[in-house]
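See below for the structure under consideration.
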Amino acid sequence: MSVGIDEISFYTSNYFLDLRTLAEMQQTDPEKYYTGIGQEKMAMAAPDEDIVTMAANAALPIVERIGPDAVTTLLFATETGIDQSKAAGVYVHRLLGLGSRCRVVELKQACYSATAAVQMACALVARKPDSKVLVIASDIARYDLNTPGEATQGCGAVAMLISADPRIVVIDPEVGSYTEDVMDFWRPNYRSNALVDGKYSTKIYLKALKKAWEYFCEESRSSFRDFNYFCYHLPFSRMAQKAHQHLAKLCRCTLDAAEIEQQIADTLHYNQMIGNSYTASMYIGLCSLLDNTKESLSGKRIGFFSYGSGCVAEFFSGTVVDGYQDQLHTAAHASMLSARQEVNYDEYLKLYHYPDPQGGESLVLPHSTTGRFRLAAISHHKREYVPC
Ligand code: CAA
């Protein structure tokens, strides 16, 4: 029996800032962003959007198809937690009308936790093949204004149904995991923005890639030439390009530079338009590859490198299933992205500074999202989510 991704769908906010606008205000050359880090736009969450509403929006098309009672477990991966105790997925469970027998839990390890969720979901399905596990990764990437990280902000959520005999990607059981206690990027409980040692984080990312790849190769006996495509964690698209060149060099790959570039090019399109979405980013990269690659991916082998600062990394692999095209949400993704509204710099600042009550104040939120769910209010320390 094979196990893997049976369906995949993503969601991002209807607002974005063009990085040319940011560059102009910072008196920076826009090419630093467009070419230097490889990013064009960053998605900004609406005031009435958070990880819960984005997650419910991402998962809705899947739940509408299979029915709410079919989901046996919901695993919610995030590093933008809204509560120290209650799992964000429990709100999503109600918004999507999932059955009361469905278990829900939240997972955290920076951008890596979605991969932990996928691996755990595969194990649950292997143990009980009629299980259908909904994995959702949802995050809002925020840095302090006027820091190098600011241009890499973004937001998004991705939902994946993990099942037996999947119709999109079969995931192989072999993995190469790597853990090391480092302080490259973190967010203490008292901060809403991440702290980051930017240059150091890029070095640790590359070190973790090397180690995870070596462990993966020991376990799977695979080599670089066994893969057609690679999906990397995408803090910004240039990071993935550098990582892939690094891996190709380590493996003494004989392909030319253009062929190496081609192995990841289609994974980058959505990220370049959305920005970092932390736990969701590698899987939105997978959506980008599946939706945008002209040649058929049937039977093609994909290498995945998941990286979560702090750090835990994992290399694993999967093979695309025949007929996968019929299961994709390509048209819905395209129309969501083309319907987005550009904001100017003042509107960006207003979205950035939108009040996030830390002291228990009540707040009624204006209806701004075009999504199907919204955060309507916060009162008596409770978040009130409603369908639109
Ligand atoms: N035209 C073209 N390119 C230009 C340019 C111009 N006018 N000006 C600068 N560049 C190039 C630079 O040469 C540089 O390229 P190289 O990396 O190839 O040398 C690139 O643009 C970036 O310029 P800087 O190195 O000067 O950029 P910076 O120091 O201001 O910021 C960063 C870079 C430190 C990565 C910053 O974006 C950051 O802190 N990001 C957040 C942390 C992050 O994303 N880390 C990634 C690994 S950790 C992780 O992956 C987890 C996660 O999700 C956060």
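On a predicted model such as this, the values are computed, not experimentally measured, just so you know. Values reported hereafter were calculated over all heavy atoms of this structure, with side chains retained and with hydrogens, waters and symmetry mates removed. Throughout, residue positions are numbered sequentially from 1 according to the sequence presented. One-based numbering, in listed order, for ligands and for the atoms of each.
Not a single donor-acceptor pair under 3.5 Å links the side chain of Ser368 to the backbone N or O of Pro47. Judged by distance alone, the side chain of Gln109 and the main-chain N or O of Gly308 form a donor-acceptor pair under 3.5 Å. At distances below 3.5 Å, at least one donor-acceptor pair connects side-chain atoms of Asp226 with backbone N or O atoms of Ser223. Formation of a donor-acceptor pair under 3.5 Å by the Arg225 side chain with backbone atoms of Thr254 is not found in this model. At distances below 3.5 Å, not a single donor-acceptor pair connects side-chain atoms of Asn228 with backbone N or O atoms of Lys300. In this structure a side-chain-to-backbone donor-acceptor pair under 3.5 Å is missing from Arg383 to Ala376. In this structure a side-chain-to-backbone donor-acceptor pair under 3.5 Å is present from Glu106 to Ala88.
Nearest to atom 51 (C) of ligand 1 among the protein's heavy atoms is Ser309 OG, 3.3 Å. Regarding atom 47 (C) of ligand 1, its nearest protein heavy-atom neighbour is Ser201 OG, 3.4 Å. Distance from atom 11 (C) of ligand 1 to its nearest protein heavy atom, with residue and atom name: Gly36 CA, 3.6 Å. Closest to atom 40 (N) of ligand 1, if we only count protein heavy atoms, is Gly149 CA, 3.8 Å. His233 NE2, 3.6 Å is the protein heavy atom nearest to atom 52 (C) of ligand 1. Residue, atom and distance of the protein heavy atom nearest to atom 37 (O) of ligand 1 are Pro148 O, 3.3 Å. Scanning the protein heavy atoms around atom 17 (O) of ligand 1, the nearest turns out to be Lys242 NZ, 2.4 Å. Scanning the protein for heavy atoms near atom 25 (O) of ligand 1, the closest one is Lys199 NZ, 2.3 Å.
Distances from atom 32 (C) of ligand 1 to the protein include no heavy-atom value under 4.0 Å. The nearest protein heavy atom to atom 6 (C) of ligand 1 is closer than 4.0 Å. Taking a distance limit of 4.0 Å, we find that atom 13 (O) of ligand 1 is approached by no protein heavy atom. Counting only heavy atoms, the protein gets under 4.0 Å from atom 9 (C) of ligand 1.
For Thr35, no nitrogen or oxygen atom sits less than 3.5 Å from a nitrogen or oxygen atom of ligand 1, counting backbone and side chain alike. Where the criterion is an N or O separation shorter than 3.5 Å, residue side chain and backbone included, Tyr143 fails it with respect to ligand 1.
For the residue pair Glu314 and Tyr112, a side-chain donor N or O sits within less than 3.5 Å of a side-chain acceptor on the partner. Defined by atom type and a distance below 3.5 Å, a donor-acceptor pair is missing between the side-chain atoms of Glu261 and Gln245. Side chains of His233 and Ser281: a donor on one and an acceptor on the other come within 3.5 Å.
In this structure, Tyr33 falls outside the shell of residues with a heavy atom less than 4.0 angstrom from ligand 1.
Residue contact check: Gly198 has heavy atoms under 4.0 Å from atoms 34 (C), 39 (O) of ligand 1. Here is the list of ligand 1 atoms found below 4.0 Å of a heavy atom in Cys111: 52 (C), 53 (O). Within the listing of ligand 1, atoms 50 (O) sit less than 4.0 angstrom from a heavy atom of Tyr205. The distance from ligand 1 to the heavy atoms of Phe185 drops below 4.0 Å at these ligand atoms: 54 (C).
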Derivation and outcome, salt bridge (Lys or Arg N to Asp or Glu O under 4.0 Å), residues Glu384 and Arg374: CA-CA 9 Å; Glu384 294 172 13; Arg374 59 184 296 268; over 6 Å; no
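When non-hydrogen atoms are compared, ligand 1 lies under 4.0 Å from neither the backbone nor the side chain of Ile204.
Annotation: side-chain contact (heavy atoms from CB on, under 4.5 Å) contacts of Glu214 (sequence neighbours excluded): Lys210, Lys211.
Comparing Lys32, Met239, Glu31 by heavy-atom distance to atom 30 (O) of ligand 1, the nearest is Lys32. Residue Val196 holds the heavy atom nearest to atom 42 (C) of ligand 1 of all those in Ile37, Asp29, Val196.
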What side-chain donor-acceptor pairs closer than 3.5 Å can you find for residues 70-80, not counting sequence neighbours?
residue: Thr72; atom: OG1; partner: Lys132; partner atom: N; Å: 3.1
residue: Thr72; atom: OG1; partner: Lys132; partner atom: O; Å: 3.0
residue: Thr73; atom: OG1; partner: Arg103; partner atom: NH1; Å: 2.8
residue: Thr78; atom: OG1; partner: Thr80; partner atom: N; Å: 2.9
residue: Thr78; atom: OG1; partner: Ser138; partner atom: O; Å: 2.7
residue: Thr78; atom: OG1; partner: Asp139; partner atom: OD1; Å: 2.9
residue: Glu79; atom: OE2; partner: Cys111; partner atom: N; Å: 3.0
residue: Thr80; atom: OG1; partner: Asp139; partner atom: OD1; Å: 2.4
residue: Thr80; atom: OG1; partner: Ile140; partner atom: N; Å: 3.1

